[in-house]
Amino acid sequence: MATTERETEFIVPRATDFDGQTSGIGPHGLVPEEQSAMSGVELEDVETEEMLINMGPQHPATHGVLRVVLRTDGELVLEAVPHLGYLHRCAEKIGENLAYAMYVPYTDRMDYVAGMNENWAFCQAVEQLAGIQVPRRAEFLRVIAGELQRIASHLVSFGTYGLDLGAFTPFLYAFREREYILDLFEMLCGARLTYSYYTIGGLTHDATDDWLMKVGEFLAYFEPKIKEYNALLSYNRIFTKRAGGVGVLPADLAIAYGCTGPVIRGSGVPYDLRRDKPYSLYPELDFEVCVGTGEFGQVGDCWDRYMVRMKEMEQSVRIIQQCLKMIPDNAEGANGHRVKVRRNFKVDPGEVYLEMENPRGVLGFYIESQGGAQPYRVKARAGTFCNLSVLPELCHNVMLADVPAIIGSIDVVMGQVDR
Amino acid sequence: MTITAQALVSIIVIAVVFNVSLGAVAYCILLERKICAWVQDRIGPNRVGPMGLFQPLADGLKLFLKEDYNPGHVDKWLFLLAPCFVIVPALVGWAIVPWGGVWDFQGFIFWEWIPFIGGTEVVAGPVNVSAVSVSIGLVYVLAVGGVGVYGVTLGGWASNNKYSFLGGVRATAQMLSYEIPIGVILLVILLMAGTLRPDVIVQHQVETMWNIVAHPLAAVIYFTAILAEANRAPFDLAEAEQELIGGFHTEYASMKWALFFFAEYSHMITASAIFAVIFLGGWHVFPFVPQAEVSGLFGVLLKFAILAGKVALLIVFMMVVRWTLPRFRYDQLMNLAWKILIPISGLLLVGTTLMTWKGLDQWWWMLALNIAIFIAVWGIQPFVPKGDPTNRKLPLEGSRFSPAE
């Protein structure tokens with residue numbers, strides 16, 4: 001009867017596992033026949049014991065304070081349950097007590113690797129709610145800064161993904177290039193990580209022509225580097241073996257979980273809000289939506305998600321180059337980069353939900369106003385939160401070493417997940 | 001009272017090499033950090049002393065000053081014993097390396113006024129300039145390498161930590177698997193030279209051809225295997241930071257941790273030295289050029305310098321590899337050993353045996369054999385049934401989320 005007990009153990013995840021929380025196993029449980037086929041031995045022959053491994057919140061590869069509880073059988077991970085909340089800072093609740101413009105710095109701290117885009121989403125949502133029209137030059141600068149930030153964010157993702165798979169060097173190359181972008185941002189607004197550069201009605205500072213020229217120089221320097229990194233890491237044989245075919249996320253599963261950004265595009269779904277629900281200047285710009293191809297395995301594996309980011313960096317370069325050509329001169333005088341908005345402006349009652357394509361997925365801001373200078377409710381829909389929710393599905397019957405690979409390919413920033 | 005010249009030379013070599021090696025290990029760490037920095041477009045340590053040359057001293061001092069902390073949940077004795085088990089085999093592996101070849105030693109008598117040994121006569125005769133001169137040199141390499149596994153396993157087990165445990169298990173499987181290709185390749189070398197004595201193997205290469213030219217395939221397999229034996233990237237699964245935090249030495253701190261660290265580097269030096277001896281012609285400078293024989297003490301030192309230079313080059317190469325490649329996964333590592341390295345080295349052994357038996361043991365025949373095996377393995381590739389392209393053994397069957405085939 002011992003085997004029967006084991007069978008039930010495999011089929012029905014114990015509800016008391018993992019600190020009394022219900023186990024997050026997906027729709028496909030592990031059945032004993034498959035289990036024995038997997039290890040190549042009969043279950044009766046070898047008695048193995050499962051082990052719970054607590055990975056995180058302090059772990060080198062969980063990208064912040066993510067805690068994953070792994071149920072392992074030797075090197076095989078049967079189940080992974082992410083535990084969140086270690087970086088919760090009540091960001092949404094704080095929004096109810098601040099004027100609209102005062103909340104912008106809090107959005108920086110959500111996804112601190114892509115602060116510009118977070119600012120942008122919030123500011124644009126408020127502008128839509130209050131009916132503010134942003135000057136055209138400001139829109140261009142917003143796109144340039146946002147796409148530069150996308151490159152910087154994808155560089156971090158690229159570097160840390162190499163790190164997750166044991167290649168240390170790409171990480172430093174990525175940070176070398178990111179340093180250029182941060183220098184550009186510093187020239188632009190004085191900050192290097194949490195910019196608060198976007199504000200309601202435009203931008204806090206205008207860009208000089210010198211700055212725009214420096215952006216062009218950076219793009220000319222950076223574009224060939226992407227090919228170099230592809231040669232260095234993306235098509236490295238060990239890397240393709242490690243990332244290809246691992247953590248396959250089927251397209252319908254990705255849609256069902258509400259995954260967005262490179263995660264869903266890696267699964268072959270060409271869903272990009274910049275094209276599908278265009279905002280700002282994107283309808284005027286020419287770029288491609290990159291999707292996973294399954295070159296080294298199946299469509300939707302870790303390599304595809306990684307490669308989508310590499311390709312998107314090229315597309316971002318294209319977008320910025322177009323913007324640099326099209327950007328209008330600052331003819332309207334000193335305030336061409338913003339419209340004047342009162343510091344404590346009041347917004348008529350109403351609500352707005354605006355989504356934007358951020359480096360890590362769709363970031364949506366729901367803002368409800370009841371007529372005051374402060375919003376009644378601010379809700380952020382974080383792309384990484386939905387992307388992370390797919391982790392238990394992916395970390396199912398993978399090797400232990402694949403768990404960091406999968407977490408890295410989802411590319412979470414815990415600041416945005418927990419908010 | 002008389003002693004043999006061999007005994008005297010052995011004592012001197014042990015004293016010199018042991019101390020030099022410990023210093024070399026410390027400076028290997030500095031070299032590693034420098035090479036890592038250069039690979040990564042950084043500057044590297046340059047604060048302590050000129051060009052950062054005193055950095056190892058500072059590192060060592062820091063490690064000594066750290067608290068020697070034993071976590072409460074460890075097995076105290078085994079926890080203490082594990083670093084010793086790691087460091088000792090890594091150091092004694094040096095013993096058989098023939099540093100200076102054979103030296104025609106002139107006999108002499110120690111001056112009378114020297115205490116204890118005054119008046120002792122040292123008998124003249126040819127001596128091997130190595131710590132010990134044993135006829136089973138290469139077997140000794142295998143034996144010592146086998147002992148090294150215990151330390152890592154014990155360290156992982158005694159730590160009573162799940163990550164350490166997994167690291168220890170990984171290291172055990174990895175080191176055991178990669179000892180097989182090493183052993184088989186050593187047999188190939190044995191067939192070539194007809195002896196297990198390292199100095200005779202070098203002499204054989206000097207007289208005919210370096211083994212790396214005669215057996216390039218074997219050299220590649222051997223180098224891969226020693227990387228895995230030394231737990232170096234891309235085979236550093238036992239201490240894979242991204243998966244197992246620190247692996248088997250997660251719980252170690254202070255000098256106990258430093259011993260693991262030292263062992264890794266001295267293992268590298270030992271393995272490189274043996275690689276240089278059996279494949280790179282030891283103290284021979286150029287493979288196609290006959291070398292003028294320099295006799296006397298100067299010749300011995302020259303040979304030592306040449307061999308040390310080769311070792312240094314190999315170590316630099318290992319370090320560059322470490323900072324270039326991603327890490328293998330556990331099953332890929334096992335596949336590499338059992339499905340690729342071991343079969344090919346077996347083929348090499350069989351082929352070398354047959355050809356030696358038929359009298360075709362010149363180096364060009366061996367080179368032809370290597371090329372033939374390489375082409376055969378390459379040509380067979382398309383016909384080998386492909387395994388599952390992924391490690392995901394369940395294709396989500398029956399799920400509405402099953403990927404489209």
Side-chain angles (χ1 to χ4, degrees), chain A residues 26-28 30 34 37-39 51-55 59-61 72 74-76 162-173 176 232-233 236 238-239 241-253 256 296-301 393 396-405 408, chain B residues 35-42 161-167 169-170 173 232-237 239-247 250 320-336 387-405:
Chain A
H28 34 267
L30 193 62
E34 288 163 330
M38 205 153 46
S39 49
M51 186 160 74
L52 281 185
I53 295 184
N54 183 33
M55 191 173 170
H59 188 280
T72 61
E75 283 279 327
L76 201 68
L163 205 58
D164 283 342
L165 296 188
F168 200 93
T169 303
F171 179 71
L172 282 128
Y173 288 177
R176 183 184 62 192
L232 177 71
L233 189 67
N236 180 303
I238 301 176
F239 181 80
K241 286 265 177 193
R242 280 293 307 273
V246 170
V248 179
L249 176 65
D252 53 351
L253 182 66
F296 293 96
Q298 285 166 298
V299 174
D301 55 15
E393 292 281 351
H396 181 54
N397 276 347
V398 294
M399 304 292 285
L400 188 61
D402 289 336
V403 175
Chain B
I35 285 179
C36 161
W38 292 331
V39 168
Q40 294 169 352
D41 197 7
R42 295 187 286 121
N161 173 315
K162 287 168 182 173
Y163 289 109
S164 303
F165 170 70
L166 278 174
V169 170
R170 277 183 179 189
R232 290 286 297 180
F235 304 104
D236 58 342
L237 282 94
E239 46 190 300
E241 192 198 348
Q242 278 68 35
E243 299 140 34
L244 302 182
I245 305 176
T250 306
V320 173
V321 166
R322 170 168 179 184
W323 296 107
T324 309
L325 294 179
R327 186 183 297 119
F328 278 90
R329 198 170 60 207
Y330 180 68
D331 55 334
Q332 293 167 346
L333 180 90
M334 287 293 141
N335 282 347
L336 181 68
D388 201 353
T390 136
N391 68 336
R392 192 184 174 112
K393 302 295 192 296
L394 291 180
L396 298 176
E397 271 167 27
S399 157
R400 69 192 171 104
F401 298 126
S402 185
E405 290 300 321

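Convention: sequence-line order gives letters A, B, ...; per-chain numbering from 1.
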Cut-off 4.5 Å, heavy atoms of chain B, and the answer for A/Tyr173 is side chain
Taking every heavy atom of B/Arg327 against every heavy atom of A/Ile238, the minimum-distance pair comes out as O-CG2, 3.7 Å
If one checks every heavy atom of A/Leu233 against chain B at 4.5 Å, the contacting part turns out to be side chain
(Q) Donor-acceptor check, side chain of A/Thr169 to backbone of B/Thr324, threshold 3.5 angstrom: yes or no? (A) no
If one checks every heavy atom of A/Asp164 against chain B at 4.5 Å, the contacting part turns out to be both
Bottom line for A/Asn54: the part with an atom under 4.5 Å from chain B's heavy atoms is backbone
So, the part of B/Gln332 with a heavy atom under 4.5 Å from chain A: the answer is side chain
Interatomic distance, CE@B/Met334 vs CZ@B/Arg329, rounded to 0.5 Å, equals 13.0 Å
| Relative to each other, are the rings of B/Trp323 and A/Phe168 parallel, tilted or perpendicular (30° and 60° limits)? | perpendicular
Smallest heavy-atom separation, A/Leu165 atom then A/Ala243 atom, equals CD1-CB, 4.3 Å
Honestly, the part of A/Arg242 sitting under 4.5 Å from a heavy atom of chain B is both
